[in-house]
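To find a chain, count down the sequence lines: A is the first, B the second, and so on, and within it residues start at 1.
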Amino acid sequence: MKKTEEILKKIRKNTVEIVPEEELIKKLNRGKPLRIKFGADPTAPDIHLGHVVILRKLRQFQELGHEILFIIGDFTAQIGDPSGKSETRKPVTKEKIIENTKTYAEQIFKILDKNRTKLILNSQWFNNWSLEDMIKLSAHYTVAQMLARADFSKRYKQNTDITILEFIYPLLQGFDSVELKADIEIGGTDQKFNLLVGRELQRDFGQEPQVVITLPLLEGTDGVKKMSKSLNNYIGVTDFPQDMFGKIMSISDELMLKYYQLLTDFSLEEVKEQHPRNAKRSLAKHIVSLFYDEKLSRQAEKDFEKIFVGKEIPENIEEIKIKEKTIWIVNLLVKADLVKTKNEAKRLISQGGIKINQEKITDENLDLIMDKEYILQAGKRNFKKIVPLS
RNA sequence: GGGCAGGUGCCGGAGUGGUUAAUCGGACUGGGCUGUAAACCCAGUGGACGUAGUCCUACAGAGGUUCGAAUCCUUUCCUGCCCA
């Protein structure tokens, strides 16, 4: 009994809710490995630190002897999830899904134990479904139940459209739990409703309902909204070490503590004793080495110091070869892919955002004579080496 | 099927015949401050043209009225509400 209490304490750490906890205790006390479900849509191949929070919890379950069922929603991805937007998302092709699934696997096994993880595609069962199956499934849930979901009821009240497809989504996701006979499903707090649908469906299908565990959402680099690719505030696990390092350094001190809490095992007490800048640096280094290695992590730190602390130029800058003898700075910026349009180039120059060899330039009429190399800088972190082609 | 209200830039949302590439907020970009912190302050945010104002594209789509349209008319599409 005491042992269960210890395990529970571990599981409770960093969770928001366990629904219901008594059932979890019951399941744990049976002493058998539990089937832990986690689902992801392979619409975009990048896993970011927000996912890592959940992956770490899954890893913890693995260490406690349980099995992870990592479900890839390839079937649902093919339909395209409108997720609150009226624009229909482009359907993802099969090839792309397979490719994304591969990338997913590579990324998640940086955290998860391969031997205790099953990768499952939900097309395995849904591809064989008939219309009859679907209609039968839809009878298991009511419109009122659906409207209980916060974002649905909000949109309903605001007279914005909700498609039936969006009602079907939670049902399909819930049915995955039935198919897998999941004991526990884990997700972010935003997934709570969908996870609970799984519970209801399992009960309807005569199974013991899964326990739902929700985890906090990690805010993105803006410090306000949840980390997501579409909001462009994410730190991807495949970001280049330098970018990953830089992005972490740019978060607020407050957010840093949350990152520490959710992404590492360090003690918060010790972190708080340090100077926030140093603490943030250790965090950045730790996370980079988690996804790359010590060496690249040190390199990222070094580059960071050079660029931002020492205001120097990083190593290994991409080279752009120029065959013209002289070139107008505005054209050069476009050619070097530092800006998208000439107007943008002129704008940046007038705002003092362009530097050549560390010198701010202000004259947008400047013609560069290409008799030597130049270091061209746009903003704080974009560098290109301009090389004459002779 | 009938009636009504709407559709504006990345998002929210003004404007309802004329200095309107379109007020404002958010977001984003650049600069300042700093620990590249965050917060804050300032500036900017359709494109083309070698620099000078001119042109092109844009207020759901198409057509029309007008010297002139995001703004008026016709029609198509889309969304919501009410009635059936």
Side-chain angles (χ1 to χ4, degrees), chain A residues 82-88 147 152-166 219-235 239 241-260 271-272 274-285 300-314 324-335 338-355 358-369 376-383:
Chain A
S83 68
K85 291 277 159 204
S86 50
E87 56 179 298
T88 355
L147 285 175
F152 282 158
S153 61
K154 189 175 153 212
R155 282 159 62 197
Y156 189 67
K157 279 182 197 134
Q158 283 177 346
N159 294 341
T160 51
D161 60 310
I162 304 168
T163 63
I164 302 294
L165 170 63
E166 288 177 85
E219 284 88 357
T221 47
D222 58 0
V224 183
K225 300 202 178 101
K226 74 160 181 169
M227 187 177 285
S228 89
K229 189 164 188 183
S230 51
L231 293 172
N232 200 27
N233 62 355
Y234 71 102
I235 303 174
D239 280 355
Q242 282 83 350
D243 290 335
M244 200 185 275
F245 199 98
K247 282 183 186 177
I248 294 167
M249 288 306 284
S250 77
I251 64 175
S252 72
D253 292 354
E254 205 184 316
L255 192 59
M256 167 183 74
L257 290 176
K258 193 158 183 189
Y259 276 39
Y260 257 111
V271 171
K272 281 178 188 162
Q274 299 174 48
H275 187 290
R277 182 198 32 182
N278 296 335
K280 208 177 287 175
R281 220 179 254 214
S282 319
L283 176 70
K285 230 161 107 181
E301 188 184 24
K302 245 170 77 187
D303 273 354
F304 176 82
E305 285 210 24
K306 268 196 159 180
I307 301 170
F308 297 109
V309 182
K311 305 238 190 263
E312 287 173 41
I313 293 160
E324 289 88 344
K325 293 236 157 38
T326 65
I327 185 162
W328 184 25
I329 180 68
V330 170
N331 282 333
L332 179 62
L333 283 164
V334 176
K335 201 158 191 170
L338 287 165
V339 296
K340 285 195 200 73
T341 64
K342 292 187 186 177
N343 280 350
E344 193 183 338
K346 291 180 192 171
R347 213 179 288 144
L348 273 177
I349 292 168
S350 70
Q351 291 182 141
I354 301 295
K355 285 181 188 162
Q358 315 250 52
E359 297 259 342
K360 208 175 261 190
I361 59 160
T362 47
D363 179 14
E364 64 178 28
N365 292 317
L366 182 72
D367 286 312
L368 269 190
I369 299 155
L376 190 60
Q377 182 181 358
K380 280 181 187 163
R381 51 201 304 182
N382 301 310
F383 296 87

Please give, in whole Å, the distance from [N] [atom2] to [X] [atom1]?
X        : N     : atom1 : atom2 : answer
A/Asp222 : B/A38 : CG    : C1'   : 12 Å
A/Ile349 : B/G44 : CD1   : P     : 17 Å
A/Lys311 : B/C33 : NZ    : P     : 8 Å
A/Leu333 : B/U29 : CG    : P     : 17 Å
A/Gln351 : B/C42 : CD    : C1'   : 10 Å
A/Lys355 : B/G30 : NZ    : C1'   : 11 Å
A/His275 : B/A38 : NE2   : P     : 14 Å
A/Glu219 : B/A38 : CD    : C1'   : 14 Å

Pair A/Arg281-A/Glu305, salt bridge (charged side-chain N to carboxylate O under 4.0 Å, His left out): steps then yes or no: CA-CA 10 Å; A/Arg281 220 179 254 214; A/Glu305 285 210 24; 2.8 Å; yes
Partner set under ring-ring contact (aromatic ring centres under 6.0 Å, His included) for A/Phe304, not counting sequence neighbours: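 A/Phe245, A/Phe308.
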Partner residues of A/Phe383 under the ring-ring contact (aromatic ring centres under 6.0 Å, His included) criterion, sequence neighbours left out: none
For [X], give me all partners under side chain to side chain contact (heavy atoms under 4.5 Å, CB included), at least two apart in sequence or on another chain.
X        : result
A/Thr341 : A/Asn343, A/Glu344
A/Thr221 : A/Asn233, A/Ile235, A/Lys247, A/Ile251
A/Ser282 : A/Tyr260, A/Gln274

Straight-line distance of A/Asp222 CG to A/Met227 CE, nearest 0.5 Å: 9.0 Å
Straight-line distance of A/Leu368 CG to A/Ile361 CD1, nearest 0.5 Å: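 Result: 7.5 Å between the selected atoms.
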Polar-atom pairs under 3.5 Å, protein N or O versus N or O of nucleotides 20-23 of chain B: list them with distances, or write none.
none

Excluding sequence neighbours, so at least two apart, what forms side-chain hydrogen bond (donor to acceptor under 3.5 Å, both in side chains) with [X]?
X        : answer
A/Glu301 : A/Lys285
A/Lys335 : A/Glu324
A/Glu219 : A/Lys258
A/Lys302 : none

Write down the distance separating the [atom1] atoms in [N] and [M], rounded off to the nearest Å.
N     : M     : atom1 : value
B/C73 : B/G9  : C1'   : 26 Å
B/C28 : B/C11 : C1'   : 11 Å
B/G68 : B/C56 : P     : 15 Å
B/G17 : B/A27 : C1'   : 33 Å
B/A58 : B/A52 : C1'   : 24 Å

Sugar-phosphate only, base, or nothing, as touched by A/Gly223 at under 4.0 Å among non-hydrogen atoms: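 Since no nucleic acid heavy atom lies under 4.0 Å of A/Gly223, the category is nothing.
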Sugar-phosphate only, base, or nothing, as touched by A/Ile354 at under 4.0 Å among non-hydrogen atoms: nothing
Side-chain N or O of A/Lys380 closer than 4.0 Å to phosphate OP1/OP2 of B/G32: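 No, no such contact exists.
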Reading 5' to 3' through nucleotides 48-55 of chain B, protein heavy-atom contacts under 4.0 Å coded B for base, S for sugar-phosphate only, - for none: SSBBB---
Nearest-nucleotide 5' precedence on RNA chain B, A/Phe304 against A/Lys360: A/Lys360
Residue A/Arg347, side-chain atoms from C-beta onward, closest of B/G47, B/A38, B/G35: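 When the side chain of A/Arg347 is considered, B/G47 is the closest of B/G47, B/A38, B/G35.
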Nucleotide pairing, RNA chain B (Watson-Crick or G-U, distances under 3.5 Å), in dot-bracket with [ ] and |: ((((((((.[[[..)..(.....]]]((((((.......))))))((((...))))...[[[[[..)....]]]]]))))))).
